[in-house]
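Basis for what follows: all heavy atoms, side chains included, without hydrogens, waters or symmetry-related copies. Chain identifiers are assigned alphabetically (A, B, ...) following the order of the sequence lines, protein sequences preceding nucleic acid strands; residue numbering begins at 1 within each chain.
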Amino acid sequence: MRISRHLAGLMLGISMIVGMPAAAAELVINADASEPSLRKSWEGIVDQFRKENPGIDVKLNVYDRESYKRSIRNWLTAQSPDVVFWYAGTRMRQFSKPGLLEDVSAIYTPQAKAEFGPVATELMSDQGKQYGVPHSYYQWGFFYRKDLFQKAGITEAPKTWSDLVSACEKLKAAGIEPITIGSKDLWPTAGWFDYINLRTNGLKFHQELMSGSVPYTDDRVKAVFAKWKELLDKGCFMKNHASMSWQDSQAPLYQGKAAMMLMGNFITGNFPANVADNMDFFRFPEINPGVGRAEDAPMDALLVPAKAKNKEDAKKFLAFVMRPDVQTTLAAGTRQIPVNQKASVPDDRFLKAGQQLLSSADGLAQFFDRDTSEELATVGMKGFQEFMANPDRLDRVLEDLERTRKRVYAN
Amino acid sequence: MSSSATPSLPVVTARPESWWHRHQASITPLLLLLPALAAFSLFVLWPIASSLWLSLHDWDGISERRFIGFDNYRELFDDRVFWTSIVNNIWWLLAFMLAPALGLAIALFLNQSVFGIRLVKSLFFFPFVISQVVVGLVFAWFYNPQYGLLNEVLRAFGIEGISPLDSETGATFAVIVAGLWPQIAYCMILYLAGLAAMNPEVIEAARMDGAKGWRLFWHAVLPQLRPATFIAVVVSVIGALRSFDLVAIMTAGGPYSSSTVLAYYMYEQTFLSVRYGYGAAVAAVLFLIMNVYIAFFLWRMLRREQA
Amino acid sequence: MADVRLNNVRKRFGDVEIIKGIDLAVEHGQFCVFVGPSGCGKSTLLRLIAGLEKVSDGQVTIGGADMTHVAPANRGTAMVFQSYALYPHMTVAENISFGLRMANTPKAEVEQRVKHAADMLQLGHLLNRKPSQLSGGQRQRVAIGRAIVRNPQVFLFDEPLSNLDASLRVQMRIEIGKLHQDLGTTMIYVTHDQVEAMTLADRIVVLNAGRIEQVGSPLELYHRPKNLFVARFIGSPTMNTLPVQRTGGDGDGMRFTLPGGAPIVLPTREDGVTLGVRPEHLSLGTGEDATLQGQVRLTERLGSETMLYVDLGSDVEVVVRADGLSSVRAGDTVPIGVSRRSCHLFDSQGAAVINGALL
Amino acid sequence: MFPTPIQDRSRAAQAFYRASLIPALVVWLLPLVAIAFTSIRSIDELNQGRFWTWPEETRFVENYTAVFTQSPMGQFLVNSVLITVPAVALSIALSAMAGYALAKYRFRGSLVLFAIFIAGNFVPFQILMIPVRDLFVNVVPLYDTILALVLFHMAFQTGFCTLFMRNFIKQIPDALIEAARVEGVSELRIFWHVVLPLVRPAMAALAVLVFTFVWNDFFWALVLVQSDEVRPVTAGLQALRGTWTSAWQLISAGAIIAALPPVALFFLMQRHFIAGLTLGATKG
């Protein structure tokens, strides 16, 4: 392989000529915000940072979410930028544990900790140290068509599981698909699992399950699927969901063919003008009154790779993003809820509802595919999809999950 | 040839030779091969070896690689999705064997000389030229239960709401059909070339012997098309085993991995489940399967070379 | 002065030995032709001289200099290929001058040499054409022109006429002969056509299975073949060979029995098993030394002569060259006269015992 | 020659044959026809679920301009060109050299080398994915650059191109090369002045063919790059599908735009293209 090494050397030379970022004062930020509105907001934030720090040459690279996920490991182990966008909680700790992240505890002043509150601070912490800054989060819940609910004779948004079931029955009777879902991307199914589990078994059990310390064959897990099956048996979900992406699955909602959808708040940006006024939000109904109310609220964060070249300016940027005024601006642009509690929530009824929902919650989960290992998440979400199509295969699905759990969390 | 006197010109004489002069005939081929070989070694040969080695490891892309011997392969053996991929790859292979047959049928249909036939032929070839991304897009749309043409047509027969990409039994075949479309076009072109290069005397002789229709086709035409058939089968096998684009675009292996193939499953294991070693093991299996065909092709080529 | 000498030259391709130890001297100015059946190694031998193949063993000298390991270009040779080897993308002039241009020869000299060659070969009006616009004969001339411009010490021709039709072949054969006369250069010429060999050569080398069977002038080979192979190879139609049996001594010679039982006395004391006699040396009618009897199976009337295929019985057939107006017809039984002056005798190994007394 | 020329058939058969060509073509290309129609439909028509009828009003200009103004499609196209053209040129250059060496020089291992190129060309390229990506991330830091795709395609296509060039050069008479050798032309000059001019048609055929291979690549575009600034049109289009959820008129127009360059090239260079593709399909 001597030849190939020579060629590699040659190409290294070429690549240097072509030009890789090298200048010391440059701050490279890799972001997973390619949706136009997100991109625009972040570009605005970066511009503002540039103005405040004229000495720093900021470079913002924007990638789409899926390819970003494929690359994050590369960036943490080689070709590291100075700041990466990522997720809070388990997904962050996955990288802080092997020492791939820079400890940024220094920018967590007592004041900052107070502004962010214990929940957010804890999500950014690993063994008492902070490894990043959260910039925003959003709530999950039902987005529904008021007009269709009315048409089906549903006067009030469902508060309990039985309300939901009866709403489903009424909608079906009125010739309306009760719930739309697109499971081609798999993760929309996980929202259902998360919520039924949170409402049935509570946050603590959910976290134990996510961290691999409870077997998936546990009866409490089976109870979740039993609830889920009630809706399936009644035909509450759109058919053909396996061939629809989550984007595709919105269409029936806007066309007036389907009445509701369990989704993150980011969907509100897609509401077409002609139906926006008819859209509304309600939180996932109560199932087991005994358990506290926890919500799925995926939190996005900025981290500094341990191999970053310009950690100084990176931390400066993180501190900048922590500021209430910056988080306010950001939230307005991205239509998300700022994490800094001193920042103001954009004037948007869904976000206001979201903030109210989350601030009064007994706890937050990050979402199935962020709370557990990637491998388990992949197997699990495929399993949920399979279960939705064939509820009778539940045992096999759970066996697969359990086998994976055993391997992943073996050591 | 005039017999004019030869003007005196310097005579070519033996010159002393430099080292380069004496050895250029043996060095030149090496020199010419070097760039291609270097590029090929770096980006093809070494990665194959590296992948095979990686398949004996457990690696998540960040922590240390852990050597685990054949554990990945042992796990594959118990992996339902892996077997689904194998079965689906076999379906792809079998179905793709239709491509040479259908390609030949279309080639025969178009092998006439009427006005504009050249344009028709090249239009028939279109599906092969366009990207699989576009093909996948078009077919995903074709199958769409709400507004796809398939359902428009079926509705005319009173069948409603068929959604092939949703169904664990139908998805693979729906994707295969999309894959066949360009593949048939490819085979068609191969056969059109084969038909054009046919020795007309053999056909004439067969006609003189009274062969007609099927018998003529079977005994005089098909044997002459053997080279085209060989290539058509080889490219179809490769196309079937490499199939990734359409699966990724149309179903992403779903629903619940029922339409996945080895090529896609390795991608999924690597990037979604972040199991590099396991993904490499899936790729290695695909590589081993493909090696059967590569060996067959090489054997045939080299035999021809020796003849 | 450029003579070509081969000392024990061998060539192996893998395990197969194609040239099995050849010693040969081609003197300066000689026109030497290699003939032999296909696969005998004659083209390989030529390519060894040109340097296109490397000898496995032995030595090649040209003009006294050892060329065994010298590159083809530096041996002072020029080669005309069977396929002409013209570059389809170059004009005639470019083809002819290619080698010179690649050697950075001054432009004026290139032009002069091309003009000279073109004049010699009457190609002047074709210089700007591409090979595809030329006839076969013209292409052949261009190929020769390419050799001429290099002013070589030795010309090598590899079956140069085999791609031409019959009448052109005769014409070009004559032109090549004239070229040799004009230039006086050493030429080595490979062919499987014995007419070319006979008409062009000063010396013919008969090759068989990688070995030289015989070297000599055309008439020598014709009249004094050293063995059955050469005897059969040279001459058309081929020499008649008849099995004979020695029956005893007779004065200075030996008595042999011909097919049919007729005796003939040949001037030798040695044994032989095959009698060779060329068709033109057999005559219809009773012979002075012996007479054969046979039935005419087939007549080939060529106008100037008639070939009679005569069955002597017991699976022996001879060809007799008779007069063009001969009245003999198939089915006739005819006597055939044999003169011992024209008889060759070969022993059981095929080596010639006697070669008659014509030359 | 086969089947029986239609001209020898009855008038009715001829008419039927001619008449059947167009419907056959339409059915065969139906998906493409539909996508072309959709690309000029108005969004209203699509919202009414009219996908398969004749478009009522054509929005050709609007839709196609929208593709370029509302998405980085223009950038994707430029990227595709920047990736494809050098990759094609380089792989053809490398393979012409290698093909010549393998076809016209006898040396030990030449057949083995040839076999390696052929085998490499058939390898399921998924097996290369992790190491090649790793190489561009860790060894030669070119991940997410156009150069990474250029280099990889260059190397990978070299396998197929070498197979092709070697077989083509093999058909060139040895005498043409030997004649030059006897005339003292150096080996490299023989390659340049004799061999290259003779293989020009093969290179043209190969260029067109490899152009479509590289242009249409999706897998490596997914694996080796991710920014819009370097993404080729295939991966770009797939990414846009997420953004343009039900804007089928835009997706269709994008698809048409992505398909256009190879289709145009195919039409312009049809003879070469088919010659390249069918190499070996007519003899052997």
Exercise. Around atom CZ of R189(D), are there more than 12 heavy atoms of other residues, nucleotides or ligands at under 6.0 Å?
Worked result: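 For R189(D), atom CZ is crowded (more than 12 foreign heavy atoms under 6.0 Å).
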
For this session: Return yes when atom CZ of F16(D) has more than 12 non-hydrogen atoms of other residues, nucleotides or ligands closer than 6.0 Å, and no otherwise.
Result: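 Not more than 12 within 6.0 Å, no.
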
Check each atom of [X] against the heavy atoms of chain B and say whether the ones under 4.5 Å are side chain, backbone, both or neither.
| X | answer |
| --- | --- |
| S186(D) | both |
| F117(D) | both |
| F218(D) | both |
| K170(D) | side chain |
| T212(D) | side chain |
| V223(D) | side chain |
| R106(D) | neither |
| R133(D) | side chain |
| L30(D) | side chain |
| A96(D) | neither |
| I116(D) | both |

Exercise. Picking from I256(D), V263(D), T162(D), which has the most non-hydrogen pairs under 4.5 angstrom with chain B?
Worked result: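 Looking at each of I256(D), V263(D), T162(D) in turn, V263(D) comes out on top.
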
Exercise. Between A258(D), G159(D), G254(D), which shows the greatest number of heavy-atom pairs under 4.5 Å with chain B?
Worked result: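 It is G159(D).
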
Side-chain contact, heavy-atom cut-off 4.5 Å: [X] with [Y]?
| X | Y | answer |
| --- | --- | --- |
| L37(B) | L113(D) | yes |
| S131(B) | W215(D) | no |
| W46(B) | V132(D) | no |
| Q7(D) | S113(B) | yes |
| Q126(D) | F244(B) | yes |
| L33(B) | M97(D) | no |
| I117(B) | L21(D) | yes |
| P31(D) | W181(B) | yes |

To the nearest 0.5 Å, tell me how far [X] [atom1] sits from [Y] [atom2].
| X | Y | atom1 | atom2 | answer |
| --- | --- | --- | --- | --- |
| F40(B) | S95(D) | CZ | OG | 11.0 Å |
| K121(B) | L25(D) | NZ | CG | 13.5 Å |
| S50(B) | I127(D) | OG | CD1 | 9.5 Å |
| W28(D) | F126(B) | CH2 | CZ | 13.5 Å |

Exercise. Out of L286(B), N291(B), I238(B), L288(B), which residue meets the side-chain contact (heavy atoms from CB on, under 4.5 Å) rule with P124(D)?
Worked result: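 Output: one option passes, namely L286(B).
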
Problem set entry | Heavy-atom donor-acceptor pair, N216(D) side chain to Q132(B) backbone, under 3.5 Å |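 Side chain of N216(D) to backbone of Q132(B): no pair is present.
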
Problem set entry | Sidechain-backbone polar pair: R242(B) side chain, V123(D) backbone, donor-acceptor under 3.5 Å |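 A pair under 3.5 Å: yes.
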
Nearest heavy atoms of [X] and [Y], plus distance in Å:
| X | Y | result |
| --- | --- | --- |
| A98(D) | A36(B) | CB-CB, 3.6 Å |
| E187(D) | T28(B) | CB-OG1, 3.1 Å |
| V114(B) | R18(D) | CB-NH1, 3.8 Å |
| P131(D) | P47(B) | CG-O, 3.3 Å |

Between [options], the one whose heavy-atom pairs under 4.5 Å with chain D are most numerous:
| options | result |
| --- | --- |
| A49(B), A263(B), S122(B) | S122(B) |
| V234(B), L108(B), I27(B), I106(B) | L108(B) |
| F271(B), F128(B), Y276(B) | F271(B) |
| F142(B), F115(B), F217(B), F230(B) | F217(B) |
| L31(B), V120(B), I294(B) | I294(B) |
| L298(B), I189(B), I249(B) | I249(B) |

Region of [X] that comes under 4.5 Å of a non-hydrogen atom in chain D:
| X | value |
| --- | --- |
| L149(B) | both |
| L54(B) | side chain |
| L110(B) | both |
| Y293(B) | neither |

Taking the six-membered ring where the residue is Trp, are the ring centres of [X] and [Y] under 6.0 Å apart?
| X | Y | value |
| --- | --- | --- |
| F109(B) | Y17(D) | yes |
| Y264(B) | F219(D) | no |
| F122(D) | F287(B) | no |

For this session: Go through the steps to decide whether Y267(B) and L222(D) satisfy the test side-chain contact (heavy atoms from CB on, under 4.5 Å), and finish with yes or no.
Result: CA-CA 10 Å; Y267(B) 178 86; L222(D) 216 54; 3.3 Å; yes

Problem set entry | Whether W141(B) and W248(D) hold their rings parallel, tilted or perpendicular, with breakpoints at 30° and 60° |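 Taking W248(D) first and then W141(B), their aromatic rings lie parallel (interplane angle under 30°).
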
For this session: Please assess F156(D) against F43(B) for the test ring pair (Phe, Tyr, Trp, His ring centres under 6.0 Å), listing each intermediate value before the final yes or no.
Result: CA-CA 7 Å; F156(D) 190 73; F43(B) 291 110; over 10 Å; no

